[in-house]
Amino acid sequence: MTAVTRVSALSDKLAALRADFPILSREIRPGVPLVYLDSAATSQKPSMVIDAESEYYRQFNANVHRGVHTFSEQATSAYEGARRKVRDFIGAAHVNEVIFTRNATEAINLVAYAWGLANLHEGDEIVLTEMEHHANIVPWQIVAGMKGAKVRFIPITPEGRLDLETYPRLLESGRVRMVALGHISNVLGTINPVSQITAAARAAGALTLIDAAQSAPHVQLDVKSLGADFLALSGHKMLAPTGIGVLYGKRALLEVMPPFLGGGSMIDRVTMEGTTFAGLPQRFEAGTPNVGGAVGLSAALDYLHGVGLESIQNHEHALIAYAMEKLAAIPGLVMYGPPPAERTGLVSFTVKGVHPHDLAAMLDNEGIAVRAGHHCAMPLHDKYGVPASVRASFYLYNTFEEVDKLVETVDKARLFFAPRAK
Ligand code: C6P
């Protein structure tokens, strides 16, 4: 008997909720049902989202902000309606603070290039953390290289928390212009104390960017209480289709930033001598946007509201506490990151004597989808001295029975590959 409970705020609704996700009833092979534990890579989509996007293409597909015809007006209205929904979802003050992008990666690149190229100078510093996803490292390294700026890192402790004693010392240089960090680590699950970090950055005269790719699907975001100047998220991790993401930016900052990409839709007037640019948000949305994706994102936000982010968080917390307790009993298994109370619903681990890819392949054989590798966080894996790990990530539709199957199969793999490991 485990000491951790097998109930959560969603226990009574789980069967009905799972029925909303058509893919969850699929079998990987005849008789082997899907156990989807890879939602941190991308979540599955409820019928409501699939239908909303399909409805757009079936009923009123048209380009936005261009035509005067009926469908173009309907498409524009749906697209701009999605923007208002995102504004409310993240607590932004103004709809023009919401820029649609392809994903969180593009949102971060937009800030790194548009803000960074205009505002960084030789010797300036950008502070990141050792637990960042490559999406929040590489763009800064590229732009820092172009401008002669330096990238510095807040270290992490062995338990997978940010080292908050070192952070103020990094700010003391007086050269820090940007502090950019993940709200929740995609490898450790650590929920970072963002408000505390942004407050210190602000006091040191630096701007902040929050990578909310792993938090937007799970916790109620409020850009004001987070103290974020910029925030990036990806729709596909929060029940929406792929190809739609969001950059939030404070209006006063976005208004004075030069464009990122040039082309149609983002201009005021183009002559052969030069171009003047449109206002917000169009200035940062060059070309035809992903209208169907925005419609799907809007439906996803409605779905998340319907279930309730608090209930989702409570459910994931119950799952992760249960999973970590059970996994801890497997000899040779090492989990990375803080205890369940300080993390969201994902856990990365290694098993002594078993290559993460072999483990993931054996899990897949039993229908269990997990991610194996460096999870686009190589510096973090270097820090722990492992090239790769296995990650199981949970979402609102996962069950305690699925956790049991994960744990049983991991133990089976250990006995097969490394029977004498301790
Ligand atoms: N992490 C994972 O399996 P995109 O690819 O742009 O939608 O998201 C990038 C990204 C940025 N920040 C964090 C913290 C992330 O976790 C991700 C995406 C996926 O962990 C795919 S690599």
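Whatever order the structure lists ligands and atoms in, that order sets their numbers, starting from 1. Computed from a prediction, not measured in an experiment: that's the story for all the values here.
One finds the CG atom of Asn186 at 9.0 Å from the NE2 atom of His134 (value rounded to the nearest 0.5 Å).
Ring pair His375/His381: centre-to-centre distance below 6.0 Å. Centroid-to-centroid, the aromatic rings of Phe21 and Tyr36 stay 6.0 Å apart or farther. Aromatic pair His65/Tyr79: ring centres closer than 6.0 Å.
A donor-acceptor pair under 3.5 Å is absent between the side-chain atoms of Ser11 and the main chain of Val7, judged by distance alone.
Within the listing of ligand 1, atoms 11 (C) sit less than 4.0 angstrom from a heavy atom of Ala135. Set against the non-hydrogen atoms of Arg391, the atoms of ligand 1 under 4.0 Å away are 2 (C), 3 (O), 20 (O). Here is the list of ligand 1 atoms found below 4.0 Å of a heavy atom in Gln214: 1 (N), 14 (C), 15 (C), 16 (O), 20 (O).
Look at Arg58 and Glu53 and you find no salt bridge, because none of the NZ, NE, NH1 or NH2 atoms lies under 4.0 Å from a carboxylate O. Ion pairing between a basic and an acidic side chain is recognised when a charged N comes within 4.0 Å of a carboxylate O; Arg161 and Glu342 show such pairing.
Proximity of Ala40 to ligand 1 is established by a heavy-atom distance of less than 4.0 Å.
Annotation: atom 8 (O) of ligand 1 to nearest protein heavy atom, Ser234 OG, 3.7 Å. The protein heavy atom nearest to atom 15 (C) of ligand 1 is His133 CD2, 3.3 Å. Annotation: atom 1 (N) of ligand 1 to nearest protein heavy atom, Lys237 NZ, 2.9 Å.
Proximity annotation for atom 13 (C) of ligand 1: of Asn186, Asp211, Thr101, Ile184, Asp211 comes nearest, heavy atoms only. For atom 3 (O) of ligand 1, the nearest non-hydrogen atom from the set His375, His236, Arg371 belongs to Arg371. Between the choices Thr105, Thr42, Asn136, the shortest heavy-atom distance to atom 6 (O) of ligand 1 belongs to Thr105.
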